Amino acid sequence: MLPAQLKPANLVVTCNQTHSTMAQTDAPSTPVIPMTHAKQTAESGSSAQLRHLSRYLVRNLGMLNAAFGDLPLSPVQAHALFEIGKQPLTIKELACKLSIDKSNASRAIKHLIDKNLAQSQIHPRDSRCLVVQLTPAGKKLLLKLDTQQNQLFQEILAQLTPAQTSQIEEALMLYNQAVHNAKHQSGCHIRQATAQDDAAIAKVIRDVSAEYGLTADKGYSVADPTLDCLSQIYSQAGANYWIIELEGRILGGAGIAPLANNDGVCELQKMYFMPEIRGKGLAKRLALLALDFARETGYQSCYLETTAVLNEAVKLYEKLGFVHLSAPLGNTGHDACEMPMLLELNQ
């Protein structure tokens, strides 16, 4: 069994400096996320390969068979048996755990009840719904199912070294987390910011800064004089700003811009997320998008400044490969951001 899902970062805020004297260019009329043809081709190939491997794995584990191994259970019924074997569940709870709709979960439970493997009773705290639990026969069959699956995976692991097993477990955890995040990011639209977004972006930055005590009287980016015209700042060559939009509302964003007087170095800037979209993996997704842009643009390294108050942000940066510096680079003007970090982009 895989370990519990890793907890996504809740909030990322970077401190940065923008300058009104930076060169400005017209923003494109139709905002798109920049991506080179080579990157599109590479991502298309990676996607096709991952889809192929996922299909192959599902098939080889017998998930398309009418019966689960040599037991009189469909794959859905077997998974339902595993879950209600841990604790009694309502249909809604089971559907959530199995990531299926309630009607599918209800059919699976009906089959288990018809086979005398499960039974339902009134919920002890809510008479309007039922909870399902295993019967003695269901517990006996679950033991057989566990034995069968243990034997199968012992035979699989016999083909692998301990190091390979650990590598697969780690990769599956990452893959599982990515699937989970993608599902929970449904409805969130990531696009390049335009001038029409300036007021909404500034409001997000001010609201989140206030929430975490990053006040304008200190050395934080909320005090930047260009806060209300970010689209102009990020229209310069080598810069970009992306926003996250959900149901017509702008709820987060992040940018990349050159670090003044440091050739080949860009800065990850102004990453802010409202509470509605935290915990969905969007911080990592936006950071990866920004870093891809930085590599494609030709930067050799990416710099950022943050503060220990933003603990989840610091953890994310460390996981992405940023290392702590003993002193800041350049002069961003954000002296309250006591944690400078740097990522070498070509490693």
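Since the model is a prediction, treat every value here as computed from it, not as a measurement. Here, residue 1 is the first one in the sequence, and each next residue gets the next number.
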* Asked: Will you find, in the side chains of S54 and Y175, an N or O donor that is under 3.5 Å from an N or O acceptor?
  -> yes
* Can you check whether Y234 reaches Q269 side chain to side chain, under 4.5 Å on heavy atoms? -> yes
* Do we see a donor-acceptor contact under 3.5 Å between the side chains of T194 and D197? -> yes
* Taking the side chain as C-beta and beyond, is there a heavy-atom pair between L320 and L288 under 4.5 Å? -> yes
* Aromatic plane relationship, H79 with F82 - under 30° parallel, 30 to 60° tilted, over 60° perpendicular -> perpendicular
* To do: Run the numbers on L73 and L117 for side chain to side chain contact (heavy atoms under 4.5 Å, CB included), then give the verdict.
  => CA-CA 11 Å; L73 295 168; L117 300 174; 3.9 Å; yes
* **Sidechain-backbone polar pair: Q300 side chain, N346 backbone, donor-acceptor under 3.5 Å** => no
* To do: Measure the shortest side-chain to side-chain distance between Q148 and K144 over non-hydrogen atoms and say whether it is less than 4.5 angstrom.
  => no
* Asked: If you draw a 6.0 Å radius around CD in E170, do more than 12 non-hydrogen atoms from other residues or ligands fall strictly inside?
  -> no
* To do: Work out which heavy atom in L134 is nearest to a heavy atom in K139; give both atom names and the distance.
  => CB-CG, 3.9 Å
* Give a yes or no on whether N60 atom CG has more than 12 heavy-atom contacts from other residues, nucleotides or ligands under 6.0 Å away. => yes
* Asked: Any side-chain heavy-atom pair from I113 and S120 closer than 4.5 angstrom?
  -> yes
* Please answer: with hydrophobic residues joined when any side-chain heavy atoms are less than 4.5 Å apart, are L145 and L64 in the same cluster? => yes
* **Heavy-atom check, side chain of I84 versus side chain of Q133, under 4.5 Å** => no
* Output yes when a side-chain donor or acceptor of Y303 lies under 3.5 Å from a complementary backbone atom of L329, and no otherwise. => yes
* Asked: Would L81 end up clustered with L152 when hydrophobic side chains under 4.5 Å apart are linked, directly or stepwise?
  -> yes
* Hey, does I250 have a side-chain heavy atom less than 4.5 Å from the side chain of I244? -> no
* Tell me, yes or no, whether the heavy-atom count around E276 atom CD, taken from other residues, nucleotides or ligands under 6.0 Å, exceeds 12. => yes
* F153 reachable from L143 in the ILVMFWY side-chain graph, under 4.5 Å edges -> no
* **E155 atom CD: more than 12 heavy-atom contacts under 6.0 Å** => yes
* Asked: Any idea which heavy atoms bring G238 and T297 closest together, and the distance?
  -> CA-CG2, 3.8 Å
* May I ask you to test the I109-L112 pair for a side-chain heavy-atom distance under 4.5 Å? => yes
* For M271 and A254, work out which heavy atoms get closest and say how close. => CG-CB, 3.0 Å
* **Minimal non-hydrogen separation, A257 against A239, with atom names** => CA-CB, 3.9 Å
* Asked: Can you list every salt bridge (charged side-chain N to carboxylate O under 4.0 Å, His left out) pair that touches residues 89-113, not counting sequence neighbours?
  -> K110-D114
* Decide whether V208 and L246 are clustered together by the hydrophobic rule: side chain heavy atoms of Ile, Leu, Val, Met, Phe, Trp, Tyr closer than 4.5 Å, transitively. => yes
* R249, CZ atom: more than 12 neighbouring heavy atoms under 6.0 Å -> no
* Asked: Going by heavy atoms in the side chains, are P88 and Q121 under 4.5 Å from each other?
  -> no
* **Sidechain-backbone polar pair: K270 side chain, L230 backbone, donor-acceptor under 3.5 Å** => no
* To do: Apply the test side chain to side chain contact (heavy atoms under 4.5 Å, CB included) to residues W242 and I256: give CA-CA distance (whole Å), side-chain angles for both, the deciding distance (0.1 Å), then the verdict.
  => CA-CA 9 Å; W242 301 268; I256 284 284; 4.2 Å; yes
* To do: Indicate whether the side chain of S231 and that of D198 have a donor and an acceptor atom separated by less than 3.5 Å.
  => yes
* **Joint hydrophobic cluster, L286 plus I233, side-chain heavy atoms closer than 4.5 Å** => yes
* Asked: Can N150 and Q154 be counted as having a side-chain donor-acceptor contact under 3.5 angstrom?
  -> no
* Asked: Closest approach of K183 and S99, non-hydrogen atoms and distance?
  -> NZ-OG, 3.4 Å
